[in-house]
Structures are given as structure tokens and as C-alpha cells.
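Since the model is a prediction, treat every value here as computed from it, not as a measurement. Excluded from the calculations below are hydrogen atoms, water molecules and symmetry mates; all remaining heavy atoms, backbone and side chain alike, are included.
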Amino acid sequence: MSARGSARRALALGLALPLAGCTFVQSPLDPVSPQARDLLWLFWLFSAVLAAIWLAVMLALLASFRARRAETADPLAIDPRRERRATALVAGLTVATGLVVLVLTGLSYAGQRRLFGDEAARVTIRVIGHQWWWEVQYEDPEPSRGFTTANEIHVPVGVPVRLTLDSTDVIHSFWVPSLTGKQDLIPGRTNAIHFTAERPGLYRGQCAEFCGMQHAKMGLLVIAEDEESFDRWRRGQAAPRPEPGSDEARAGEAAFVAAPCSLCHQVRGTAAAGRNGPELTHVGSRRTLAAGTLPMSRGNLAAWIVDPHGIKPGVNMPLVRLDPDQLNTVSAYLEGLK
Amino acid sequence: MSDVASATGDLRDTNLDGPALSARLGRVWGTRRGLLGALATVDHKIIGRRYIVTAFLFLFLGGLTALVMRLQLARPESGLVGPDTYNQLFTMHGSTMMFLFGVPIGEAMAVYLVPLMVGTRNIAFPRLNAFSYWVYLSGGLFLWVSFLLNIGPDVGWFAYVPLSGPEYSPGKRADTWAQMITFTELSGLAVAIEIIVTVLKQRAPGMTLDRIPVFVWALFVNSFIIVFALPAVMLASTFLILDRLVGTHLFNPAEGGDALLYQHLFWFFGHPEVYIIFLPGTAFVSAIIPTFARRETFGYLALVLSLIATGFLSFGLWVHHMFVTGLPQLGAAFFTASSMLIAIPNGLQIFCWIATLWDGRPVWRTPLLFVAGFFFIFVAGGLSGIMLASVPIDTQVHDTYFVVAHFHYVLIGGNVFPLIGAIYYWFPKFTGRLLSERLGAWNFWLTFVGFNVAFFPMHISGLMGMPRRVYTYGPEMGWGHLQLLSTAGALILFAGFLVFAWNVIASLRRGDVAGANPWNSGTLEWATASPPPPQNFDRIPLVTHREPLWAERGGLPVVTGLSVGHRELVVSSVAEAEPQLRETSPAPSIWPLAAAIAVGVTFIGSIFTPYAVLWGALPIAAALTGWFWPKTAAEDEE
Ligand code: HEM
Ligand SMILES: [Cu+2]
């Protein structure tokens, strides 16, 4: 990696991580994978050609404003020689349009082949869309290494990754522009994308197909990190939840399992095994809450539990009334689920 | 002698002349005064005027929804409206603009202008025409009343399943959307058929195929697109209603249905739909350019052929709306090619228009200003469309603000700019008075600048990762400045429309009196008074040239022999426009209105209970019986 690249990496790690998800990129103009870079190149190429055509047409239009016939001329009077010349010119331009279109189609097709061409992926992740959050399943031939998480995807840098995409409710679209183009998550079908993150960093994405009330707050974060950190993270996520270390956390766990929370959420290692909501086994290790809606913190956890509908109106999480004490311990407990 | 003739209703226009002929025809073709007369009228000009005004009202309402959305997005985390309202707003905006403004406005202008331009006295099937207006009006009102009652749809203007299906959109909201579609389809199809028949069979004698104005060709081709495209969406919306109300599972993947089937059906209509909106734009441009370039159209044949090619090609591109649904790669690439192909006929049109201007002497009145604005904006939108046609590029920009920018460039550039120009151009024909040129310039510059300030930055918003249809965004996304700029542009644009509205209202009473042909145009609608009398023409013109008024400086030749005792018009042959028959055109009737009310009540009722279709059948049958009750009309004569 070049000096500039590593400087940027240092910057990304140095700045982004402590700010807990505040510095990220979500733009096709900031590619960090060969796929997104290729797409951007194609985009600029098309832009340049088409902008030049636009400019030429506008210049021709401007030039056409000059008065070229007498004020009193008969509108039906046509000079056959000029007419022939114009006909040849218009015919030539039409043929040229056809050629440009042909070339652009070819370039586009080549780009498409590169984008969707098969690549041997070393990491396969299944992403399932829900109204309005992302379920993320790390698959592994060895079942004990597989696990489920939500709204945050970690990938190793420099390793080809394949995502398979589907949905259990409505159509969503997975889009992390810095990594690659989007692809829909459609109930009853499975789509796939690949990318290889080239630099560590936080890459934000967002659902790109209108999926109902909270389509706007269906964000996600892809965290690219070196392979070593990735493996560490992966082992940690595959493990059951950490034993609660304090009385507060133990009380929180008891309250969580007893309350309706456990009907929808799973915390591996406890009796909470609900599957309707995001898996919370290591929720405290994530950078955001409620699909990118809030930064992760104990205060925000408490705020979310107290008022999910104020923070994300329409959300499919009911308000579960906890007394202040329980609220306190439950949020401390969740924050501790690293 | 003439007494006998009038007793049998066979007084001919050969027996009368001048004001006497005019007055007589005016009585026969006129609309009775009073409410009943107004409701029963079948005059294409009165109905066309209603259509145009109604479509503009919907444009205004659609604009208001847009304004609220723009205010909401002007800054991050704004709380002006919540997600529920916002989702209804963009759905209402899209549905209103596409179904209640975009499609109807082209047909509205056609209803008014096509009969005049082809030199006939009324549109074909005038009662159907009245019926279709009432159906359109009730569909639009139904949608907007639902919205005001908070049962407005909230699933986007293409209402994808499963989101719009029974499971994810309980309540009546998606039903109101689907039924509104059915209404507009019904009226759109009816008008398309009227236009097709009018153009094929009612052209003035001598208007051979190669003398039909490009304007008429464009709307004729457009009518065919409508006839072939609307049934697909009819299927989609009907299947949706069946899934929702009757419990079928046509689109339910869990029960073996297919969510993508809906998208195919919808876009098989939905892509031609954008050409249904654009072709009227080309019609306006094709009429305005020769008049203000002071030269006949360059490349008539090329223009007509490219219109027809556009019509055909528009049916081969729908999949480019589905490039990220995971289609087979080669199939998708085919649609890249076909989508780009349409640039060829569109390019050819642009070249022909520029060539016309080139060899002319442009007269800078407001209609031409708007046409220049059309070039600037539409060409940019068409070119960004080529980017979207590329599968790989589309995976980045699909469903982002880049697309929002693109389709506003083609829709506003391709339809609204030519339309406003067209209103400046034909307002004198509609009303007898000219619009103010001074306000026209204000109107143009405000809309032009406002439009670009509002929509150009959206390309960049999209490239900065902003998806469409989000009611809010966080400050950390960095979209705030561009979004604020877009809102400022939208306000300027809105001001431009207010100037336009003001100009229309003020000029109705105070505008300069226009006379029959204020712009020295060449086509037939300018051969009659402004506004035209009920019979359009006292004597049917005999067409000898594509621009009859430029070719026949000494006055148009006419054909005679039509009855002035009852509504009679000339039916002519398809290709050569040789007169074949004198046919009786239907008289005013209240039954179309009654039928429209019966149909409307039935459709609305069907949202609440499927049995409404059964009860509704009765009044509909009664109204249709009244409508088609055999009249003792004289046989058509050779
Ligand atoms: C007091 C008990 C509960 C607690 C402490 C709790 C906690 C949470 C937390 C921390 C999140 C954010 C997860 C993330 O961002 O990764 C969340 C989201 C969610 N929860 Fe719960 N939850 C509770 C009850 C429930 C129940 C009973 C349901 C199901 C009916 C539910 C359904 C959901 C859903 C669907 C989301 C995703 C929201 C979105 O981002 O759109 N939750 N919950
Ligand atoms: Cu979504």
C-alpha cells in the first residue's frame, strides 16, 4: 500500500473509531474497492462523453439563433442546395449518435462483466432485509463458527467478500456505495454481490428501495479491518454473550429475560431467544443502534427502550414498560454485551 | 325550395353564406346555456378546455406537495412533517404528476387542438369524450379527497408489492391508489381511441398522410402508445386489488406468487408512460419551432419516422427500471442496448429542430424562449438517461437523488417547458387574447433558473450517497447545503409558476385581442376565429399543403355540401383523405355524466366491498342504455 494509502488508513483508524461511527463515507465518489473504483471510472467516462455532446448541441443551438433568412422571406421558400447540405449533416450526426451509443453499450457491457464476474470469495455473509433493519449471518462450514448479528458488517481488508441478499418482508436494497453498487433484497429470491475492501475504515450504507415508513432510517455500517482484527472480532461474535460481570448487569439480564424483550430478541447464552428483532448477543460492541439511527451508548440504549416510537416512528418494536431501576440495569447490561 | 330542404333537415352549406351560415351552424353545433347545457356538452373545445384547466390544477396540487417535501428536506433532521406524512406526500406527488397531470395534459391539448388541426367539426365519439373527462375528474378528486381524509396512498407512485400488498399496507390507502389508476386508465384509453379515429377518418379532404402536421402525428403515435401500454398497468393494478380485496396471491412469494411479476407489468406500462408524457412535448415543440423560425419544418419525414420509432422502442426498455433486481446478466445487457438505442430517434428529432431554426429567422417571443429552455434541460436529462441505461453505472445511481434529478430533467424539460410555451402559443386561440410578453419573460427566467438551481444539485446529492424517498437525514451525512440549495431553487421555480398563473388570469380580461392568426402560423387551427365558433369552420377546408395557411395566401379552398340542419361532418379515407361519407355527429347528452357517476361510485364502492361491482352494474347499465338509445337519425350518406 502506498504511503498516501497508509496515511489515510492511520487517519481513518485514528479519527473514525473513537468517534464511534461519526466519520464514515457513503458515496460512490469515494471508492475503496476495485469494484467501486471501476464503477466510478465508468461513470466519469460516460459523464465526459455525454457532457461533451451536451455542450456541442448547445453550441449548435446557439449558432442556430442567428437570423439566416430575410425578414420578409416566404417560410416555404427552401434553397435546395442548403437543404441537401443540412440533410447530409443531420444524417451524419444521426449515424454518429448511433456509433457513440454503440461504443457506450460496449463499455457498459464490459463493466458489467467485471462487476458481476465470478470471484472466489473467502468470506460469505448472508444479509436479510427487515422493516427496518438488517439481519447479518456469517456462514461457516463449521457451525460453531457461524453467528448472526445486525446492522453492522465486518469484513477483512484485501479479501474478496460475497454477500447473499434476501428479504423476509418487503423489497429492500443493499447499498454501500464506497464498496460496490446496490442490489435488491427480494422476498423469495436470492441475489449476490462481491467486493474487496482495500482500506480499513467505516463505510456507511443505507437501504435504497423504499420499504415503508422508516425507509429513511435503515442504515448500516461496514467495518473493514485487517485480517487479524477481523478474526478476533469474528471469534468474539461467535461466542455466547459475555457473563455479566457486575450485580447491575446480572440484574439487567434477569430483567431483560423476564420482560417481553426476550420474545423478540436473542442473547445467546441466556433464555432470551426471540427471532423477530435484531440479535443482541454482542449489541454493546456495535457502533450504532436501531440501524444507524443513534450512536451506541448507555444513554441512547435507555432512550431507545423508553421511546422507540419517538426516535423511529413506526418501528416494529413495541414500547416495553420497565421501571426506572430495570431500565437502568437493562441498558447497563446491553451496553456490556461486547 | 330551401324551405323543403330545411324541413327535412337537409339545408346545405351551399344554400347559405357569410354570417347567415355562421349563425346557423353556430346554433346547430352550439352548447345550450345553463347548467344542464354545460353538463351535457359534447363540444371538444369546451371539454378540452376543462381538461386543460383540470390538469393544470393537478399540476399545482402536485407542486404544493413537492414544496412541502422540499421544505422538509431543506435541513437535516427537520420536523416539519413526519415519515407518515412525507411518504404520503411523495406518493401523492408522483401519482398526481404522472397520472393526473402528465398523461391527461397531452390528451387534453389533443382534445382541443387535433380536431381543429385536421379541419373537422368535433372529435370522434364526442360523448365518450365527455364521459372520459368526468371519469378523469372523479378519479383525481377521489385520490385527493382520500389524501385529505388521511387515507391517501403511501407506497410510492409505482406501489411495489409486497409493500403495497395486503400484509404490509393494511387499511385502504393502497386501494385508493389502485382505483385511481383504473380511473385514469379508463379515461386515457377512451381519449386515445377518439384521437386515433379522428386522425384516421376525419381529416379535412386533401390532408394526405404526408400533410398531417407533426403535432398531430406526435399525438397520434402517442395515442397508440397509450392503447398498448395502459392495459399492462390495468392488469397490475387489478391483480393488486385482487390480492388485497379478494385474497388472491398473485404477487405473494410465500404462496407461489411473484413480486417481480408486478414490476414487469408495471414498467411495461411505466416506461412507455414517460414517452406518453414526452411525446406531447415533442408535439408542442414541432408546432412552435416552424412558426417562430419562420420556416417550414426541416426533415418532416425524419421527424415522423422518429416519432414512430420512439413509439415502438418505448416498449422495449422497461427492464432498465429493474437493473438491480438481480436479472440474468445478458438479458439486462440487452436492455442497456435497447435503452441507448432510443437516443437515435430522439437525437434525430433534436437535429431536425435545430436545423429548422438554423435556416430560419428566430422570432423571440415567449413560446420560443420556452422551447430553448426545453433544449437546454431536456438534452441534459436525455444524456443522463444514457448513464442510467448502463447496468453497472445504474447500480450506483439507481434510486438515489441522481435519478430524481434525471427524471425531473426529462419530465419538466420534455413536457412542462414545451407545455408552458404551448400555452403562450395557443392561449390566443383558446381565449381570443394574447398573454403578456413582459410577464412571459419573467415567467421563463424564473422557471428556468429555479428549475436548474433546484434540480442540478440533486445529481450531486445522489452521488454523495443520498437515496430517494427518505423523509430525513442526519447532519453528518453532509447533504444539508445541497439540499438547502435545491429548496431555494424550488421556491424560485414556484414563483415562476405563480407569474404564469397571474399572467393567465390577468390576460384573460386585459390581454391584447389576438385575431385569428396572431403569430402568422401555417396550420389549420389558425384559419378560424379565436376562440373558434362551435362548428370550428363554416366550411371544411380543402388541404393542399402541409402548411395550408402559408401556401394558400389568398384564402383556403373549401369543400361544400354539408348539411347545416343537423350536426354533420366529413368522413375521409385513411391515406389520401378523400371524402367518403357525410356523417352525423352525436348531439349533447347528459348520459355520459350519469354513466361516469355510476362507474365512479361502483369503483369507489368496490374498495369497501367487492359486491359493489354487482350493485353498480345496474345503474351503469341504465346509464349506458340511455346513452345509446337508438335515435331516429338519418342514415349516413355517401
Ligand atoms: C424492553 C425490551 C426490548 C429491548 C431492551 C430492546 C432493545 C432493542 C435494541 C437495543 C434495538 C436496536 C438493535 C440494533 O440497533 O442493533 C432494538 C431494535 C428492534 N427491536 Fe427491540 N427491544 C425490546 C423489545 C422488543 C420487542 C418486544 C420487539 C418485537 C415485537 C422488538 C423488535 C425490535 C425491532 C423490529 C427492532 C429493529 C428496529 C429498527 O432498527 O428498525 N424489540 N431493540
Ligand atoms: Cu429497506
Side-chain angles (χ1 to χ4, degrees), chain A residues 22 26-29 39 42-43 46-47 50 53-54 57-58 60-61 64-65 67-69 71 73 75-76 82 86 90 93-94 97-98 101 104-105 108-109 111-112 115-116 169-171 173 175 177 181-184 186-189 191 206-216 313-314, chain B residues 82-84 87 156 160 162-163 168 253 259-260 294-296 298-299 324-326 329 333 336-337 340-341 343-344 347-348 350-352 354-355 357-362 375-376 379-380 383 386-387 390-393 395-396 398-400 463-465 467 469-472 476 522 547 550-551:
Chain A
C22 288
Q26 173 173 324
S27 167
L29 301 178
L39 290 175
L42 203 60
F43 175 84
F46 270 58
S47 301
L50 298 170
I53 294 176
W54 182 82
V57 174
M58 288 308 110
L61 181 69
S64 78
F65 291 164
R68 287 191 181 74
R69 48 171 67 209
E71 198 163 355
L76 296 179
R82 284 168 66 91
V90 165
L93 287 172
T94 308
T97 310
V101 157
L104 291 181
T105 304
S108 163
Y109 187 57
Q112 186 183 351
L115 183 64
F116 292 100
D169 44 38
V170 303
I171 301 176
S173 194
W175 187 41
K182 64 182 71 63
Q183 204 62 205
D184 285 354
I186 302 172
R189 292 180 182 246
N191 285 331
Q206 186 164 354
C207 178
E209 176 66 60
F210 179 65
C211 57
M213 181 92 126
Q214 277 299 350
H215 165 60
Chain B
D84 185 47
N87 296 345
Y160 275 179
L163 183 61
Y168 300 100
L260 280 190
R294 307 304 311 152
R295 173 210 138 123
E296 75 169 340
F298 172 88
V324 299
T325 58
Q329 291 309 319
T336 296
M340 290 199 189
L341 217 57
I344 299 175
L348 179 55
I350 303 271
F351 301 144
C352 288
I354 292 182
L357 283 167
W358 191 283
D359 188 45
R361 186 185 177 86
F375 277 112
F376 187 97
V379 173
L383 293 172
I386 291 191
M387 309 180 95
S390 158
V391 176
I393 296 180
T395 64
Q396 284 291 29
H398 177 76
D399 263 338
T400 69
L463 291 174
M464 289 175 67
R469 297 178 166 178
V470 293
Y471 75 98
T472 190
E476 72 281 5
E547 303 276 1
W550 285 345

Tyr160(B) and Glu209(A): side-chain donor and acceptor closer than 3.5 Å?
-> no
Rounded to the nearest 0.5 Å, how far does OG of Ser47(A) lie from CG of Leu383(B)?
-> 10.5 Å
With a 4.5 angstrom heavy-atom cut-off, which part of Ile171(A) approaches chain B: side chain, backbone, both or neither?
-> both
If you tally heavy-atom pairs under 4.5 Å between each of Gly111(A), Gly188(A), Pro177(A), Gly314(A) and chain B, the highest tally belongs to Pro177(A)
Contact class of Met213(A) relative to chain B, heavy atoms under 4.5 angstrom | both
Non-hydrogen atoms of Phe375(B) and Met58(A) that approach each other most closely | O-CE, 3.5 Å
Structural part of Gln183(A) lying under 4.5 Å from a heavy atom of chain B | both
Nearest heavy atoms of Gly326(B) and Asn191(A), plus distance in Å = CA-OD1, 3.4 Å
Correct closest heavy-atom pair for Thr395(B) and Phe116(A) would be CG2-CZ, 4.3 Å
Could you tell me the separation between the CZ atom of Arg69(A) and the CZ atom of Arg361(B), rounded to the nearest 0.5 Å?
-> 10.5 Å
Note: Lys182(A)-Asp399(B) ion pair, threshold 4.0 Å (strictly below) = no
Distance from Leu39(A) atom CG to Gln396(B) atom CD, nearest 0.5 Å?
-> 5.0 Å
Drop me the distance from Phe43(A)'s CZ to Ile393(B)'s CD1, to the nearest 0.5 angstrom.
-> 7.0 Å
What residue, out of Glu71(A), Gln112(A), Gln26(A), has the most heavy-atom pairs lying under 4.5 Å from chain B?
-> Gln112(A)
Interatomic distance, CG@Asn87(B) vs CD@Gln214(A), rounded to 0.5 Å, equals 8.5 Å
Side chain, backbone, both or neither: which part of Ala355(B) has a non-hydrogen atom closer than 4.5 Å to chain A?
-> side chain
Greatest number of heavy atom pairs closer than 4.5 Å to chain B - which of Leu61(A), Thr97(A), Leu104(A) = Leu61(A)
Interface check, chain B: of Ala73(A), Pro28(A), Cys207(A), most non-hydrogen pairs under 4.5 Å belong to Pro28(A)
Against chain B, work out which of Ile186(A), Asp169(A), Leu42(A) has the most heavy-atom pairs shorter than 4.5 Å and name it.
-> Asp169(A)
Pick from Ile53(A), Val90(A), Val57(A), Leu115(A): which one has the most heavy-atom pairs with chain B under 4.5 Å?
-> Val90(A)
The interface call for Phe376(B) against chain A, heavy-atom contacts under 4.5 Å, is both
Side chain, backbone, both or neither: which part of Asp184(A) has an atom under 4.5 Å from a heavy atom of chain B?
-> both
Contact summary for Pro392(B) and Ser108(A), nearest pair of heavy atoms = CG-O, 3.3 Å
What do you reckon, are the aromatic ring centroids of Phe65(A) and Trp358(B) less than 6.0 Å apart?
-> no
Shortest non-hydrogen separation from Thr94(A) to Leu348(B) and the atoms involved | OG1-CD1, 3.3 Å
Considering non-hydrogen atoms only, spot the tightest contact between Ser64(A) and Pro362(B) and give its length.
-> O-CG, 3.9 Å
Kindly compute the distance separating CZ (Phe210(A)) from CG (Leu163(B)), expressed to the nearest 0.5 Å.
-> 6.0 Å
What part of Trp175(A) gets closer than 4.5 Å to chain B, counting heavy atoms only: side chain, backbone, both or neither?
-> side chain
Interface moiety of Tyr109(A) toward chain B, non-hydrogen atoms closer than 4.5 Å = side chain
